[in-house]
Amino acid sequence: MIEVATTLDALRARVAGWHREGLRVGLVPTMGNLHAGHHSLVQLARAHADRVVASVFVNPTQFGPDEDYAQYPRTPEADVAGLEAAGCDLAWMPSLDAMYPLGLARAVRVQVPGITDVLDGAHRPGHFDGVCTVVARLFNQVQPDVAAFGRKDYQQLAVIRHMVRDLAFPVELLPAPIVREADGLARSSRNQYLGTDERALAPEIHRGLLAMRDALRGGMPWREVEALGAARLAEAGFAVDYAVVRTPLLAEPDDDEGRERVALVAARLGRTRLIDNLEFGLDA
Ligand code: PAF
């Protein structure tokens with residue numbers, strides 16, 4: 001049976017017991033409204049740890065003033081049932097007070113420079129600092145040995161890697177593959193907001209990423225590939241925030257000697273903003 005902890009004392013007592021027994025503890029941080037993508041993160045953590053904790057917390061510090069914090073779907077009962085079925089041992093479901101005991105105005109914040117200002121960071125100022133602020137808290141609260149993060153949020157993973165390294169968190173990160181629908185659309189809680197026509201159009205993002213990869217492998221300069229990717233999506237009816245080619249560290253590939261690339265897209269269909277990416281080698 002899965003256990004649900006809502007206080008830091010209950011969480012700490014359970015995890016300390018596991019650590020005393022010499023068990024490795026895995027963490028899967030989530031904002032709830034869980035789907036198969038999250039469940040696969042639990043399974044990944046399970047494969048690298050003896051016990052798995054999933055946190056379910058809608059984190060206000062990562063939402064911008066115009067974003068959907070109040071409307072963000074909250075489905076705690078379904079989340080706990082899904083986590084149990086996925087093999088999770090403990091659901092950490094803190095209140096706002098448990099997560100930010102001094103209140104939001106006095107909360108200590110984690111700021112990661114540079115990498116947080118580009119791409120999604122440029123479109124969502126403060127977003128990644130909010131993510132790091134809560135993930136640092138989760139690491140301190142849960143004290144995991146390993147923590148699973150999806151590759152779909154490529155920039156989030158890069159920012160968290162940076163934080164873990166710079167603040168010397170003793171946590172091994174487990175990047176998890178993107179889970180896709182049969183037509184290529186990456187799984188996301190946001191897919192449920194898509195209307196029927198939008199849902200039919202949405203896999204075009206993945207097809208666009210594949211086309212960007214093939215053009216780059218075919219020798220097209222990366223800036224032209226970006227223009228091609230953006231034009232393709234705009235023609236299909238998306239409002240494109242970005243369609244870019246970057247190195248694994250999210251630098252522009254100009255001076256890069258390496259052969260690894262990632263193509264990243266953020267595009268809106270109506271009110272729904274979708275992100276996706278594709279990692280590949282130039283030579284493969
Ligand atoms: O990826 C998410 O769902 C969130 O950004 C995370 C990592 C759980 C932090 O709130």
Side-chain angles (χ1 to χ4, degrees), residues 5 11 26-42 44-45 52-64 67-76 78-80 82-83 86 88 90-96 98-100 104 107-112 115-116 119-121 123-142 144 146-164 167 169 171-179 186-193 264 266 272-277:
L11 170 75
L27 171 66
V28 179
T30 84
M31 296 211 301
N33 198 226
L34 305 180
H35 52 71
H38 297 104
H39 299 152
S40 72
L41 292 179
V42 171
L44 178 70
V52 177
V53 177
S55 59
V56 177
F57 179 71
V58 184
N59 172 37
T61 62
Q62 70 189 78
F63 286 80
E67 294 180 357
D68 48 358
Y69 172 66
Q71 276 81 43
Y72 196 87
R74 288 156 171 87
T75 53
D79 290 345
V80 171
L83 286 172
C88 179
L90 191 150
W92 167 223
M93 302 177 100
S95 63
L96 192 59
M99 185 58 76
Y100 293 104
L104 290 177
V108 174
R109 308 259 175 164
V110 177
Q111 257 185 302
V112 179
I115 192 173
T116 53
L119 302 175
D120 263 17
H123 289 270
R124 307 178 70 187
H127 168 70
F128 288 117
D129 291 341
V131 170
C132 286
T133 294
V134 81
V135 170
R137 284 160 194 264
L138 288 167
F139 285 174
N140 283 332
Q141 292 162 353
V142 179
V146 298
F149 292 89
R151 287 185 185 271
K152 176 168 167 291
D153 296 307
Y154 189 92
Q155 190 174 7
Q156 170 170 285
L157 181 59
V159 171
I160 290 169
R161 269 205 186 100
H162 183 120
M163 175 185 80
V164 163
L167 294 184
F169 278 108
V171 180
E172 181 194 337
L173 298 182
L174 303 173
I178 297 175
V179 180
R187 287 265 170 103
S188 162
S189 306
R190 294 189 174 181
N191 295 351
Q192 65 192 306
Y193 302 132
L264 304 107
T272 310
R273 186 172 188 273
L274 300 172
I275 62 168
D276 199 354
N277 67 79

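Numbers here simply count residues along the sequence, with the first being 1. Numbering of ligands and ligand atoms starts at 1, following listing order.
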Donor-acceptor contact below 3.5 Å, side chain Q155 vs main chain I115
yes
Ligand 1 atoms in contact with V134 (distance to a heavy atom under 4.0 Å):
9 (C), 10 (O)
Would the number of heavy atoms belonging to other residues, nucleotides or ligands and lying under 6.0 Å from CD of Q192 be above 12?
yes
So which heavy atom in the protein is nearest atom 7 (C) of ligand 1, and how far is it from that ligand atom?
Q156 NE2, 3.5 Å
Compute the shortest N/O to N/O distance between Q62 and ligand 1 and return yes if it is under 3.5 Å, no if not.
yes
At less than 4.0 angstrom from any non-hydrogen atom of P29, what atoms of ligand 1 do you find?
8 (C)
Nitrogen or oxygen atoms of N59 and ligand 1 under 3.5 Å apart
no
In sequence, state the C-alpha distance, the side-chain angles, and the governing distance for H38 and V28, and then conclude on side-chain contact (heavy atoms from CB on, under 4.5 Å).
CA-CA 8 Å; H38 297 104; V28 179; 5.7 Å; no
Test your reading of the model: is there a side-chain donor-acceptor pair from N191 to the backbone of A186, 3.5 Å cut-off?
yes
Closest approach of any protein heavy atom to atom 3 (O) of ligand 1, naming residue and atom
M31 CG, 3.8 Å
Please lay out, stage by stage, how Y100 and N59 fare under the test side-chain hydrogen bond (donor to acceptor under 3.5 Å, both in side chains).
CA-CA 10 Å; Y100 293 104; N59 172 37; 2.6 Å; yes
Output the list of atoms in ligand 1 that are nearer than 4.0 Å to some heavy atom of T30, sorted by atom number.
8 (C)
Lys NZ or Arg CZ of R190 over Y72 ring: under 6.0 Å, within 45°
no
